[in-house]
Amino acid sequence: MPNRHYDQLITARWIITVEQDGVILDNHSLAISDGRIVAILAPEEAAGVSAGTYLNLDNHVLMPGLVNLHGHSAMTLLRGMADDKALMDWLQNHIWPAEGKHVSNAFVFDGALLAMGEMFRSGTTTINDMYFFHAAMARAALAAGMRTFVGCSILEFPTVYGQNADDYISKAMAERSQFLGEELVTFTLAPHAPYTVADDTFRKVITLAEQQDMLIHCHIHETMDEVNSGIEQHQQRPLARLANLGLLSPRLIAAHMVHLTDAEIALVARHGVSIAHNPTSNMKLASGIAPVQKLLAAGVNVGIGTDGAASNNKLDMLSETRMGALLAKVGTLDPTAVPAATAIRMATLHGARALGIEHKVGSIAVGKQADLIAVDLAQIETSPNFDPISHIVYAAGREQVSHVWVNGRNVLRERKLTTLDEAELKARADSWRVRILDN
Ligand SMILES: CSC[C@H]1O[C@@H](n2cnc3c(O)ncnc32)[C@H](O)[C@@H]1O
Ligand SMILES: [Zn+2]
């Protein structure tokens with residue numbers, strides 16, 4: 001092999017590529033140039049290579065960055081405000097009133113930066129978000145250096161951000177136009193849920209998404225109440241209503257999908273819908289257990305999300321991956337449901353596939369962007385180490401995430417954020433706490 005020069009050479013004790021379940025590369029190196037993985041080198045190949053920087057991760061797993069497939073980043077500022085409630089009580093009596101008083105450009109910017117700090121420190125490199133004040137969210141993404149899908153919320157009723165569905169849509173498209181061409185930022189259309197969005201609006205969203213080639217991100221079948229009240233109001237289950245409207249397609253990311261019949265699982269499989277599974281939020285709001293094992297068996301692309309920090313209350317994709325594996329087992333009484341390698345694949349490649357960026361991120365392969373994380377396994381909590389894949393899912397904590405790169409840029413180094421000021425993030429969060437308590 002010719003003695004090539006690369007920007008960075010990262011050598012790790014173990015590399016989990018996620019290209020093939022269960023495969024681990026020992027003591028291999030990744031050569032990175034211009035933010036991309038340009039070579040995966042065996043020890044003897046790496047010996048003669050030169051690079052701008054060298055990093056040896058002797059006790060670490062190097063793996064693709066985690067893709068958080070459903071979140072509301074700015075809701076970090078409402079963390080711990082309303083716990084131990086069911087979804088509708090939580091939303092209508094606590095969260096929506098608080099959002100009505102406090103959400104603004106500044107709230108979204110500060111809350112999103114706080115979220116990104118927390119997400120980097122737990123190994124997330126991509127967030128698929130949905131909230132309000134999208135330009136503030138996009139500015140936060142660029143400041144932090146996080147790959148971000150900015151979901152533009154659409155509802156029928158007024159909030160601090162919009163008056164009605166048309167207003168939400170026109171604001172979304174105007175804000176999107178300011179960020180076209182930004183590699184890290186992609187806008188999506190986010191009709192909130194079947195119970196807050198009318199048929200005509202769903203039709204407009206479908207047309208616009210097709211015209212502008214945008215993804216659609218929507219909460220669907222999160223609770224039994226949602227399904228039952230949908231039947232009362234529309235004489236059909238919400239998913240059937242959405243299918244009749246033409247919403248089901250590969251551009252749809254359906255968040256939650258907890259309550260599904262076997263026929264509905266076949267329906268979403270047939271239409272190529274992706275699902276964002278949010279195990280902790282579904283447990284905490286007592287929404288139920290999504291039929292993940294059946295969905296995977298039917299060929300549905302299921303990724304993992306945290307939901308917002310007001311319903312989780314962590315933005316910790318490593319822990320969420322563990323929860324996804326555990327909840328599948330308890331939900332089916334089958335310990336083989338969602339094994340560790342599958343859980344990792346869901347948290348990485350499946351998320352990337354849902355977002356249409358599987359060709360760029362989600363696994364470690366030559367040609368992909370260097371969205372990577374390193375997890376230090378030389379800790380008491382992960383000793384002894386028979387199987388790094390097992391440890392990533394079942395034993396390691398987010399405290400063990402040592403390094404994170406997005407597009408080859410090192411945004412977390414030895415657990416220190418490089419693009420964000422930790423003291424400033426905490427100070428701003430606390431000043432929001434004071435403001436919220438005063439009102
Ligand atoms: C359209 S996104 C913003 C909107 O959604 C609310 N929200 C946060 N978490 C959930 C959830 O799990 N189900 C339904 N709605 C949720 C958030 O508070 C915003 O108002
Ligand atoms: Zn949500």
Side-chain angles (χ1 to χ4, degrees), residues 69-70 128-130 134 149-157 162 164-173 176 186-223 225-278 290-291 294-296 298-303 305 350-358:
L69 197 55
H70 177 69
N128 182 36
D129 207 78
M130 65 157 84
H134 318 307
F149 287 73
V150 180
C152 303
S153 299
I154 299 161
L155 302 115
E156 300 299 334
F157 55 82
N164 52 45
D166 285 342
D167 190 33
Y168 290 102
I169 293 173
S170 66
K171 284 183 170 140
M173 298 314 281
R176 174 177 179 256
T186 307
F187 277 56
T188 74
L189 295 169
H192 171 256
Y195 53 92
T196 49
V197 178
D199 287 1
D200 261 358
T201 303
F202 275 120
R203 287 193 196 95
K204 283 182 196 166
V205 166
I206 295 163
T207 306
L208 190 58
E210 281 166 6
Q211 283 169 352
Q212 299 291 325
D213 193 17
M214 294 172 79
L215 295 169
I216 300 173
H217 182 187
C218 183
H219 295 98
I220 303 176
H221 281 210
E222 183 171 357
T223 64
D225 269 2
E226 172 193 335
V227 176
N228 291 335
S229 64
I231 295 170
E232 254 173 53
Q233 223 189 320
H234 299 276
Q235 295 71 56
Q236 55 187 338
R237 287 167 68 87
L239 196 67
R241 177 178 151 232
L242 299 179
N244 290 333
L245 289 167
L247 193 78
L248 307 195
S249 81
R251 64 172 86 246
L252 176 63
I253 300 166
H256 298 288
M257 297 288 262
V258 173
H259 301 282
L260 296 173
T261 63
D262 289 350
E264 286 169 336
I265 291 171
L267 180 73
V268 295
R270 212 163 48 245
H271 284 89
V273 172
S274 285
I275 292 181
H277 175 43
N278 303 273
K294 281 188 178 181
L295 286 162
L296 293 172
V300 177
N301 181 51
V302 184
H350 287 196
R353 185 175 303 154
L355 294 166
I357 53 172
E358 190 183 359

Classify the side-chain pair N244/Q236 by whether it contains a donor and acceptor separated by less than 3.5 Å.
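The criterion, which ignores hydrogens and geometry beyond distance, is satisfied for Q236 and N244.
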Checking E156 against T201: is there a side-chain donor and acceptor pair closer than 3.5 Å?
yes
Of the non-hydrogen atoms in [X] and [Y], which two are nearest, and what is the gap between them?
X	Y	answer
V197	H192	CG2-N, 3.6 Å
L248	H271	O-CD2, 3.4 Å
L69	G303	CD2-CA, 3.7 Å
G230	P238	CA-CG, 4.3 Å
V273	L252	CG1-O, 3.7 Å
N301	A354	ND2-N, 3.3 Å

Working for side chain to side chain contact (heavy atoms under 4.5 Å, CB included), residues V150 and D129
CA-CA 5 Å; V150 180; D129 207 78; 5.9 Å; no
[atom1]-[atom2] distance between [X] and [Y], expressed to the nearest 0.5 angstrom:
X	Y	atom1	atom2	answer
N228	T223	CG	OG1	8.5 Å
T188	L355	OG1	CG	8.5 Å
L208	E210	CG	CD	10.0 Å
C218	L242	SG	CG	6.0 Å
H217	F187	NE2	CZ	15.0 Å
T186	I357	OG1	CD1	7.0 Å

Min side-chain heavy-atom separation [X]-[Y] under 4.5 Å:
X	Y	value
L267	R270	yes
R353	S274	no
H277	V258	no

Verify the ring-centre separation between H256 and H70: is it less than 6.0 angstrom?
yes
Where do V268 and L239 land on the side chain to side chain contact (heavy atoms under 4.5 Å, CB included) test, with the steps shown first?
CA-CA 9 Å; V268 295; L239 196 67; 4.0 Å; yes
Hey, is K171 close enough to D167 for a salt bridge, meaning N to O under 4.0 Å?
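Between D167 and K171 there is a salt bridge, with a charged N closer than 4.0 Å to a carboxylate O.
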Is it the case that the side chain of [X] and the backbone of [Y] share a donor-acceptor pair, with hydrogens and angles ignored and the cut-off at 3.5 Å?
X	Y	answer
D166	N164	no
H350	V302	yes
H221	H259	yes

Applying side chain to side chain contact (heavy atoms under 4.5 Å, CB included) to Q212 and R176, what does each step give before you reach the verdict?
CA-CA 11 Å; Q212 299 291 325; R176 174 177 179 256; 3.1 Å; yes
Holding to salt bridge (charged side-chain N to carboxylate O under 4.0 Å, His left out), I want the full list of residues that pass it with R237, two or more places apart in sequence or in another chain.
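Here the qualifying residues are E264.
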Set out, in order, the CA-CA distance, both residues' side-chain angles and the distance that settles side chain to side chain contact (heavy atoms under 4.5 Å, CB included) for Y168 and C152, then state yes or no.
CA-CA 8 Å; Y168 290 102; C152 303; over 6 Å; no
